[in-house]
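See below for the structure under consideration.
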Amino acid sequence: MTDALGLIVQSLPLLLKGLGYTVALGLFGMGMGLLLGFGLALMRLSSLAILRWPASVYVSAVRGTPLLVQLFLIYYGLPQFGVELSPLVAAGIGFALNMAAYACEILRSSIAAVDRGQHEAAAVLGLSRGQTMRLIILPQAARTAIAPLSNSFVSMVKDTSLAATIQVPELFRQAQLITARTLDIFTMYLASAAIYWLLCSILAVAQERLEQRAAWGRR
């Protein structure tokens with residue numbers, strides 16, 4: 001027991017360094033995923049088939065294939081076509097593109113859930129479609145989207161462990177490297193699991209606070 005605790009303490013700087021990569025990947029993937037997802041959601045809601053169908057195919061393809069396969073296609077597959085990316089860049093792109101598909105469906109359903117009467121009331125007030133979306137629809141849709149988007153973010157933070165397969169030195173990869181050196185498999189993987197648990201617990205508390213504020217704003 002003492003040896004295990006000593007190993008954890010000794011390895012903590014490397015694990016925390018890996019945690020920095022984990023958090024950075026999660027934030028980048030979520031931020032870019034939201035931006036791309038919002039654009040895709042507007043395309044999915046468009047009455048123009050030339051916009052709606054490509055977005056639908058993209059969402060279906062990304063949600064229907066494993067994230068690990070997508071990371072491999074970006075990091076190992078693109079060099080066949082002359083596009084070579086660093087592990088960190090490839091992982092960031094992969095997480096952003098993956099999150100975009102899920103964010104698209106969350107945002108699309110949240111926008112669609114706003115009562116049609118809100119559109120009619122805005123038209124009566126003389127608001128344009130852009131003003132209606134920006135001032136009335138999106139604020140209401142955002143409150144609905146907070147919970148599912150937060151859950152997706154927590155899931156993606158855990159999924160960043162997949163970046164270890166393309167050599168990104170995030171938390172799980174650091175645990176693997178330490179394990180290869182010390183041969184103490186259980187201790188290191190348990191330590192990494194505890195750090196993931198702590199991080200996700202903090203995110204869960206933040207999510208609860210956001211939901212409470214959204215509920216207060218709705219009242």
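Basis for what follows: all heavy atoms, side chains included, without hydrogens, waters or symmetry-related copies.
Residues Ser46 and Leu48 share a closest heavy-atom pair of OG-N, 3.0 Å. Considering all non-hydrogen atoms of both residues, Ile195 and Leu15 come closest at CD1-CB, 4.0 Å. Between Ile93 and Ile74, the closest heavy-atom pair is CG2-CD1, 4.1 Å. In this structure, Ala164 and Gln176 approach most closely via the heavy-atom pair CB-OE1, 3.7 Å. Residues Ala96 and Phe28 approach most closely at CB-CE2, 4.4 Å, considering heavy atoms. Summarising the geometry of Tyr76 relative to Thr165, their closest heavy-atom pair is OH-O, 3.3 Å, with the distance given to 0.1 Å.
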**Report entry** Residues Leu34, Phe38; criterion side chain to side chain contact (heavy atoms under 4.5 Å, CB included); working and verdict
**Finding:** CA-CA 6 Å; Leu34 274 176; Phe38 179 65; over 6 Å; no
Query raised in the report: Hey, mind stepping through Leu149 and Met30 against side chain to side chain contact (heavy atoms under 4.5 Å, CB included) and telling me if it holds?
Result: CA-CA 9 Å; Leu149 283 176; Met30 187 66 185; 4.1 Å; yes
Report task. Begin from the C-alpha positions of Asn151 and Gln207 and carry the test side chain to side chain contact (heavy atoms under 4.5 Å, CB included) through to its verdict. Result -> CA-CA 8 Å; Asn151 289 333; Gln207 174 184 347; 3.2 Å; yes
Report task. Show the numbers, then the answer: is there a side chain to side chain contact (heavy atoms under 4.5 Å, CB included) between Gln70 and Asn98? Result -> CA-CA 8 Å; Gln70 296 164 20; Asn98 184 269; 3.0 Å; yes
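How far CD1 of Ile50 is from CE of Met43: 9.0 Å, rounded to the nearest 0.5 Å. Interatomic distance, NZ of Lys17 versus CD of Glu170, reported as 12.5 Å (0.5 Å rounding). Taking CG of Leu40 as the reference point, atom CG of Leu35 lies at 11.0 Å (rounded to 0.5 Å). With values rounded to the nearest 0.5 angstrom, Asp159 atom CG is found 6.5 Å from Ser161 atom OG. Met188 contributes atom CE, which lies 12.0 Å from atom CG of Leu177 (distance to the nearest 0.5 angstrom). Atoms CG and CG, from Leu67 and Leu71 in turn, are 4.5 Å apart once rounded to the nearest 0.5 Å.
Listed by chain and residue number, nothing satisfies the side chain to side chain donor-acceptor pair (under 3.5 Å) test with Gln10 (two or more places apart in sequence, or in another chain).
Transitive grouping of hydrophobic side chains (ILVMFWY, heavy atoms separated by less than 4.5 Å) keeps Tyr75 and Leu73 in distinct clusters. By the rule that hydrophobic residues join a cluster once side-chain heavy atoms approach within less than 4.5 Å of another member, Tyr58 and Met156 end up as members of separate clusters. One hydrophobic cluster, built from ILVMFWY side chains closer than 4.5 Å, holds both Leu68 and Met99. Both Leu203 and Leu19 belong to a single network of hydrophobic side chains, linked directly or stepwise wherever heavy atoms of I, L, V, M, F, W or Y lie under 4.5 Å apart. Cluster membership for Leu14 and Leu16, using ILVMFWY side-chain heavy atoms within less than 4.5 angstrom, is shared.
Using a 4.5 Å heavy-atom cutoff, the side chains of Val62 and Leu97 are not in contact. Here the side chains of Leu27 and Phe153 are in contact, with some heavy-atom distance below 4.5 Å.
Looking at Arg173, its side chain never comes within 3.5 Å of a backbone N or O of Gln167 through a donor-acceptor pair. In this structure, the side chain of Ser150 engages the main chain of Ile146 through a donor-acceptor pair within 3.5 Å. Between the Thr22 side chain and the Gly18 main chain, a donor and an acceptor come within less than 3.5 Å of each other. Not one N or O on the side chain of Glu105 forms a donor-acceptor pair closer than 3.5 Å with the backbone of Val59. When atom types are taken as modelled, the side chain of Ser192 and the backbone of Ala175 share no donor-acceptor pair closer than 3.5 angstrom.
In Leu12, the CG atom is crowded: over 12 heavy atoms of neighbouring residues, nucleotides or ligands sit closer than 6.0 Å.
Results of the side chain to side chain contact (heavy atoms under 4.5 Å, CB included) test with Thr160 over Tyr21, Phe172, Phe95 single out Phe95 as the only residue that passes.
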